[in-house]
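One structure is given here, and the rest of the page talks about it.
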Amino acid sequence: MALDLKNTLNLPETAFPMRGNLVEREPARIEHWEKLDLYGKIQAKNAAGPSFILHDGPPFTNGDLHLGHALNKTLKDTILRFKWMQGYNAPYIPGWDSHGLPIEHKVSRELQETGRTDYTAIEVREACAKFADKYRLSQREQFKRLGVLADWDNEYWTIHPEYEATELETFASFVEKNIVYRSKKPVYWSIPCATALAEAEIEYRDHKSVSIYVKLGLSAEALKALALEEPASVLIWTTTAWTLPANMAVSVNPKIEYSAIKTSNQGTVIVATALRDAVIEACNLEDPETINTFLGTAMEKLEARHPFIDRPSPILLADYVTTESGTGCVHTAPGHGQDDYITGINNGIEVYCPLDDNGNYVDDGQVPAELVGLSVLDDGKISEANRGVLKIIAQNGSLIAKKTITHSYPHCWRSKTPVIFRAMDQWFIALDKGGDRKLALDALKDVTFIPAWGEKRIRAAVESRPDWCISRQRTWGVPIPAFYNEDGEAFIDADVIRAIAKKVAVSGTNIWFEQTAAELLEGITLPEAWPTTDLLKSGTDTLDVWIDSGTSHRAVLQKRNNLSWPADLYLEGSDQHRGWFQSSLWTSVIADKAAPYKTLLTHGFVVKEDGTKLSKSDGAARPLPEWIQSYGADVVRLWICSQDYRNDVPVSDKIVRNVSNSYRNLRNTLRFQISNLFDFDATTDAVPLADLNAIDQWVLNELAQLVRKVTEAYQAYEFHRAFKDIIDPFCANVLSATYHDILKDRLYTCAPNDPLRRSSQTAISIIFSVLTRLVAPLIPHTADEAWSYAQNDSDFTDEPIALSDWPNVDSAWDQPAVAADIRALRSFLSEKLNDSLEQLRQDKAIGQSLDAKATITGSLSDPEFARLKRYESDLPELFILSQVTVVEDVTATDISVVVAHADGVRCPRSWRWVPVLVETGTWGAVSPRCAEALKQISQTTK
RNA sequence: GGGCCCUUAGCUCAGUUGGUUAGAGCAUCGUGUUGAUAACGCGGGGGUCGGUGGUUCGAGUCCACUAGGGCCCA
């Protein structure tokens, strides 16, 4: 019988599952979108809309995606989904970056393992391309699985022939501006392999070296400046005697104190005071006596003489000089060391390096004749070069001590021999010569930075970077289109490059490695000064890969019809201030005289829950597919969008599980709404907004505020605020704890067509439609799922939510007066009633709140009481009690409340307590209101 | 070592121009309901705002220093 009565209730009905089961169900939805060509439909819908160009920074295709990729791509996808719903014409062309050392290095190792060593450049490049493509494809699938909607079939790729051609054309414009020049710069060099090495190709191993102390005599002026009366030397210490022929200077620290020490066996020598005793011992200095001390600055620009070549070796200041070892006076050979190089550049010293590719001293008129032709390769035994140099300095007395030491030294990963640091001709872009640095800094003024401090960061990077070294001695990259004659003289020309770019556009840059210079230049008019093509060889250097991705704005935005330049938005991790943001800025400023972006948005890095960085062994560093496999894409996305990405973004299973709880609440909120609309057809059942019940007016007023605040947060790209600050509390407080809780009684117990019920259903259907769209960019799968169920009670719809418009506020929702009343009444409940109700519950006097009644007493002169009186008939519903009596007492100074168990009998249908039940016959005894509802139900079913 | 940035309850976030007992959601504990039920309601506990020292009648909110953390350089 009770069951029969239950059947007369309008209980919620829906097939929308309570649990998302995202891991299993999301893929089908993604497939459905693809079948519908959802991306294409969106573009078609918005074709005439305002333009918004988000230019994708290309991920490097060398492995699985991780959460950092998810963070970046989810933010982009969320922004675009929002913009699309707002009607923007916003094509999204995803990009991929593939040239560069990480792939070449990995592929080279794999090729090595086959035992062959004679791979041609083309073979290496083809293996790299294959490797890159494999990961491009798997990354693409992983992004799709995240729910990222994009023009996946028209991606841009830095190794596409057209892309490479544009890159070369861009480079041609640099050459044309006459800012591309050649200069020496030291690189790691493997003598047996006759090749330059990258940092990653170096292994540190222990090596035995001869360390030596060498005197460099001071000039007469120098002695005078240091108030020394007798001849004196600066004393240097080095472990690479073979670099002495390239010694061009001595570096000292300006802030360190130095001592001039007079000795009976080595004359006067100058060393850092802190190292005085150590040097005296190591060099057996006899009768040492400090005759003067001074700071390093005192020696600036003073002249020392090279120990065995007739040239000056000036004393320079350098902050990197320490007193940890040696003498505090550092042998400086700009052609053989990174620090030395920078010191040399800063002081206008030649980057001198008298070595050929085989590591032998060349005859340049400066290297002593007895050294010419000797090899510097120090493999197992002392090199010829070291022995030769030691002999010279021992003979002329400048060597005052030597000792064999074992230390960690870089070795070639392939030949296992010690590498040398050797200056080679490199290509550079001059950044000041054409005024480009100033232009770049000016261009930044027109860029909007999110967060604002990004400007400081990129500005500092732009201000401080030296001329851009753009050549790499690598194979897997875009070749530097330069030619060389027999003497190594370089020929480069903008028009020639453009002509080659045309060929590259068709055949790719592989032709550079397949064809001879003559073949490459066939049909191309050469500048008059060039030799004939049979005398030229094409260069083997490739361009810095930052030129690859850094020219994407030209290769993509400027080349494609549906895009435009500059971009409205670039969005990447904060490391890109010195990476892609900067390389793009330079290429753009040089070639196009303006920044390629209007807004620059950066996010932080994914870190562990304690804020420290993720290392490979951390569980949280597992690949993205594994995260999606355990939580589903929407939960991963919601995790991302619930965090303030401007700072670092912490992650742990605990944190994601936490988000998962919020997700469940949101999902159930939507489910509750769908299920209570099962018999509601807006076209026939909707109640005019003006006629809505007070509580429904209140909730629409809340909804209006929600839409305004959420839209504002989205526009500011502050998704964590949209969700955490606004949507999450709205679902929990306004809906779950208040509105839905109140509504259950009328939705379930009223007659289906009761105006009160239809009023609430009208409001619910509006809320559902709005709320679902508000969360659609954040959790696209779930929003689309709910949208489908609301339409046809099944999984899919041909009108996905992504095709709908962003919700606007209907001014009729704004009912501030009613809303203020309802809000005040609910506050009254929580502040004045809930404590007593809770007490009754604790005392087991009542169970659910409908078991209780309240009596409120006060004076009508009190506006709060007056309001209670005004809403007296609504109060049982608003407070979810069976009876509320508002009693006027003119003498009352305060509002008093008495709560007790409700009177009368409990209606078995509505569970409300009423004075008496009414006999209905068929259904037994129920409350009068239920009796009336049952009467209507039986009439409509007849 | 340098540049930029971060530090509020167990977790993720709010805290307007400095001003009453620092808020929310989740988690936790207790409890109600069994007509949103692997769901929902009600209630409790839990931060003195990384630390120290200043400015001020008054500071999470301004200044200095310091500790820890992140990105990028060296």
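All values reported here derive from a predicted model rather than from experimental measurement. So you know, we letter chains A, B, ... as the sequences are listed, proteins then strands, and number each from 1.
Ring pair A/Phe421/A/His336: centre-to-centre distance not below 6.0 Å. Aromatic ring centres of A/His66 and A/Trp627: separated by at least 6.0 Å. Aromatic rings from A/Trp639 and A/Tyr631 are positioned such that their centres are separated by 6.0 Å or more.
Atom CD of A/Glu24 is surrounded by 12 or fewer heavy atoms from other residues, nucleotides or ligands within 6.0 Å.
Looking at which nucleotide of RNA chain B each of A/Pro650 and A/Arg657 is closest to, the 5′-most match is held by A/Pro650. Each of A/Asp644 and A/His740 has a nearest nucleotide on RNA chain B; the 5'-most of these lies closest to A/Asp644.
Residue contacts shown for A/Pro908 include a base, since a base heavy atom lies under 4.0 Å away. Counting any heavy atom pair closer than 4.0 Å across all strands shown, A/Gly847 reaches sugar-phosphate atoms only and no base atom. No engagement by A/Trp639 is indicated, since no non-hydrogen atom pair under 4.0 Å with the nucleic acid exists. Contact annotation for A/Glu838: base contact, defined as any heavy-atom pair under 4.0 Å involving a base atom. Residue A/Arg465 is classed as having no contact, given no heavy-atom separation below 4.0 Å to the nucleic acid. Heavy atoms of A/Ser736 sit under 4.0 angstrom from at least one base atom.
Listed pair A/Asn665 / B/C26 fails the phosphate criterion, with no side-chain N or O lying under 4.0 Å from OP1 or OP2. Put simply, A/His720 has a side-chain N or O that comes within less than 4.0 Å of OP1 or OP2 on B/A14. The shortest distance between the side-chain N/O atoms of A/Arg721 and the OP1/OP2 oxygens of B/C13 is not below 4.0 Å. At B/G43, none of the side-chain N or O atoms of A/Gln842 fall inside 4.0 Å of OP1 or OP2 (strictly under the cut-off). Listed pair A/Asn676 / B/A36 fails the phosphate criterion, with no side-chain N or O lying under 4.0 Å from OP1 or OP2. Distances shorter than 4.0 Å separate none of the side-chain N or O atoms of A/Asn668 from OP1 or OP2 on B/A39. Close to B/G70, at under 4.0 Å from its OP1 or OP2, lies no side-chain N or O of A/Lys613. OP1 or OP2 of B/U37 has at least one side-chain nitrogen or oxygen of A/Arg671 nearer than 4.0 Å. In this model, the phosphate group of B/U31 is not approached by any side-chain N or O of A/Lys844 to a distance below 4.0 Å at OP1 or OP2. OP1 or OP2 of B/G41 has not a single side-chain nitrogen or oxygen of A/Asn834 nearer than 4.0 Å. OP1 or OP2 of B/A36 has at least one side-chain nitrogen or oxygen of A/Tyr748 nearer than 4.0 Å.
For A/Asp575, whose side chain is taken as the heavy atoms from C-beta onward, the closest listed nucleotide among B/C71, B/A14, B/C13 is B/C71. Comparing B/A36, B/G3, B/G30 against the side chain of A/Phe672 picks out B/A36 as the nearest. Side-chain proximity of A/Phe605 to the nucleotides B/U31, B/U37, B/C71 is greatest for B/C71. Listed nucleotides B/G32, B/C5, B/G3 differ in distance to A/Arg457; the shortest reach to its side chain belongs to B/G3. With distances taken from any side-chain atom of A/Arg19 to the nucleotides B/U31, B/U33, B/A38, the minimum falls on B/A38. Side-chain atoms of A/Ser574 lie closest to B/C71 of the nucleotides B/A36, B/C13, B/C71. You'll find that the side chain of A/Met18 is closest to B/A36, out of B/A36, B/A27, B/C42. Here the side chain of A/Ile655 is nearest to one of B/C11, B/C13, B/C42, namely B/C11. Proximity note for A/Arg578 (side chain, C-beta onward) versus B/U33, B/C73, B/C4: the nearest is B/C73. The side chain of A/Lys654 approaches B/G10 more closely than any other nucleotide in the set B/G25, B/A74, B/G10.
The gap from the C1' atom of B/U34 to that of B/G41 amounts to 12 Å, rounded to the nearest Å. Nucleotides B/G58 and B/C13 have their P atoms positioned 34 Å apart, rounded to a whole Å. Only the C1' atoms considered, B/A9 is 12 Å distant from B/U28, to the nearest whole Å. One C1' atom belongs to B/A14, the other to B/G3, and the distance between them is 30 Å to the nearest Å. To the nearest whole angstrom, the two P atoms, one in B/G23 and one in B/G43, are 16 Å apart. Atom P of B/G47 sits at a distance of 15 Å from the matching atom of B/U8, rounded to the whole Å. Across B/U56 and B/U61, the matching P atoms stand 16 Å from one another, rounded to whole Å.
Taking the six-membered ring where the residue is Trp, A/Trp580 and A/Tyr570 present parallel rings, their angle staying beneath 30° rather than reaching 60°.
Judged by Watson-Crick or G-U wobble contacts below 3.5 Å, the nucleotide B/G19 has B/C57 as its partner. Nucleotide B/U37 forms no Watson-Crick or G-U wobble pair with any nucleotide shown, as no partner meets the under 3.5 Å limit on both distances. Pairing for B/A67 is with B/U7, a Watson-Crick or G-U wobble pair whose two hydrogen-bonding atom distances lie under 3.5 Å. The pairing partner recorded for B/G30 is B/C42, the criterion being a Watson-Crick or G-U wobble arrangement whose two distances lie under 3.5 angstrom. Using Watson-Crick or G-U wobble geometry with both donor-acceptor distances under 3.5 Å, B/A24 finds its partner in B/U12.
Between A/Asp745 and A/Arg912 there is a salt bridge, since at least one side-chain N of the basic residue sits less than 4.0 Å from a carboxylate O of the acidic one. A salt bridge does not link A/Arg721 to A/Asp644: none of the charged side-chain nitrogens sits closer than 4.0 Å to a carboxylate oxygen. The pair A/Arg667-A/Glu785 counts as a salt bridge, with a side-chain nitrogen and a carboxylate oxygen less than 4.0 angstrom apart. A salt bridge between A/Lys445 and A/Glu455 is absent, with no side-chain N of the basic residue lying under 4.0 Å from a carboxylate O of the acidic one.
Counting distance only, with no hydrogens placed and no angle test, the side-chain atoms of A/Asn658 and the base atoms of B/C11 include a donor-acceptor pair under 3.5 Å.
No aromatic stack links A/Phe723 and the base of B/G25, using centre distance under 5.5 Å and interplanar angle under 30°.
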